[in-house]
Amino acid sequence: MHNVVAGIGYRPTDFMGFNLDLGHTRSDAGMTPFDFYDAAFFADHGDALISMGRTHSYPDLDVEYNTVHFGFRYDFTPDVWLLADYDYADYSDDDPYLHDTSGRVHYYTLAVGIRF
Amino acid sequence: MLYPRPIHPVNRTGVFGNRISYSFQDGVVPADVQPELERDTFGLDLSLPDLNGTLIHAGASWIETRNERTDLETDYEGYRFDLAHRFGKKWRFKMRARYYEMDSDDVYVDLVEPPTSAGPQAGLTYRDAHGFIPDYMRYSSINRDVFESSVEARYRFGKRAGSLRFVWDFRSVDRETFEVLGDSTKTTRNRYALKWRGRPWKKGKMRAFYEHTDVNHTFGNPRGACTTLTSPVFPNPFVGTQYYEWQNARAADPSGSPENADEFKVSVTHSFGAKATLSASARFWSGDNDEGNMTDWSKDSGTAMVSFWHAPAESVDWYANYTYQESELDVPGCIPLFDG
């Protein structure tokens, strides 16, 4: 697994701030091939058996995950603030099993905070 | 909760009725019952913060917990002792010991055994048909005597060279009835660790850690996997090999706990004034267990990380991290084959 994250924050004034965060993850995993020990026993059962020759490939993992976060905060007063965030995630399944789990998502957040 | 009908999926008859305890015919049965508990606790504590330069804590606890609905009781009795002493400016010594016993009432589990209503075993319970006795005395796996101790000695070299700690942790769990690997009910674990921290150069910090773990009679599931039984094909499940026969013929002793383990960690940080920091760390763990029959597994895993943070101006800061992780597991497996 390789993971890289980086980000930058900028506060032009005491009551305003921006931040940008990027993330990249690459993961892969696999299983070594395996087979039955007593092949002669199963030779007599012919069509009743399903070959295990590809079973080791079922849990193979090869995914890439990228994220972007952009955030903005504005403090009207020390007790009242505005938040605006944008989040993006892109998940790529490069070795799907049964179905492809790849996808993208966008999050938009707008919030007001009041402390009392 | 309402159980379904135990019927054959094709001919829709109740041929499997003697293989379950509850069904649709029992109506709605409670499924969210909360235990009604009564608990009595008594404790003693002694604290001597400075007895000729030695810190001492000691205590004891007695706890009795009773389930008012089932009239079952669990008792706990525990003792603890802590000691710390400083020998001059260089040496420090700490010791901790714990001992406790837990005992829970035995329970006789008398399973409901209904007869089946249809098929070749109509009118018979599972016991009638196969001679299998499902009732048993449950001896609680909680019942145990546990002793834990920790001894630590620390030597301080100086400001730059830092300090070195040696730690020995011991733990013994002696269960009354629950069997673990190696035909025993008692697990003992020893952990030895060396921990060093220091500031080998100006504005730099470094830590290193090594630990070795050695376990005797690891926690696991003796004869819990890999049946050695083979069976010919039978025309129906009523005359064929039964599930309890498959389970009784299991030969492997699986365990997820390591018998031996080694861990090594190191981290280093350098500060470029108050505006930037560079840090790096690495961890490696290796463990294995071949104590029981077909337990043989091993695992190696490692993680490395480097991180940089910089604030070039009061209003701006940025960071970047990279992490690498790798793991390899070698474990035996048994593939159950069943055609039902």
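Residue numbers start from 1 in every chain, and the chains themselves are labelled A, B, ... in the order their sequence lines are given, proteins ahead of strands.
- No more than 12 heavy-atom neighbours from other residues, nucleotides or ligands sit within 6.0 angstrom of OH on Tyr65(A).
- Taken from OH in Tyr322(B) to NE2 in His24(A), the straight-line distance is 9.5 Å, to the nearest 0.5 Å.
- Side-chain polar atoms of Tyr10(A) and Asp317(B) form no donor-acceptor pair below 3.5 angstrom.
- Among all heavy-atom pairs drawn from Arg11(A) and Glu314(B), the shortest one is NH2-O, 3.5 Å.
- By the 6.0 Å contact criterion, CG on Asp183(B) is open, its count of non-hydrogen atoms from other residues, nucleotides or ligands being 12 or less.
- Each of Val5(A), Leu20(A), Leu22(A) has some count of heavy-atom pairs under 4.5 Å with chain B, and the biggest count is that of Val5(A).
- Residue Arg199(B) qualifies as open at atom CZ: its count of foreign heavy atoms under 6.0 Å is 12 or below.
- Around the CG atom of Asn11(B), the shell of radius 6.0 Å holds more than 12 heavy atoms that belong to other residues, nucleotides or ligands.
- Looking only at heavy-atom pairs under 4.5 Å with chain A, the residue among Trp309(B), Tyr324(B), Phe308(B), Tyr319(B) that has the most is Tyr319(B).
- Most heavy-atom pairs under 4.5 Å with chain B: of the set Ala29(A), Ala6(A), Gly7(A), this distinction falls to Gly7(A).
- Other residues, nucleotides and ligands place no more than 12 heavy atoms under 6.0 Å from the OH atom of Tyr107(A).
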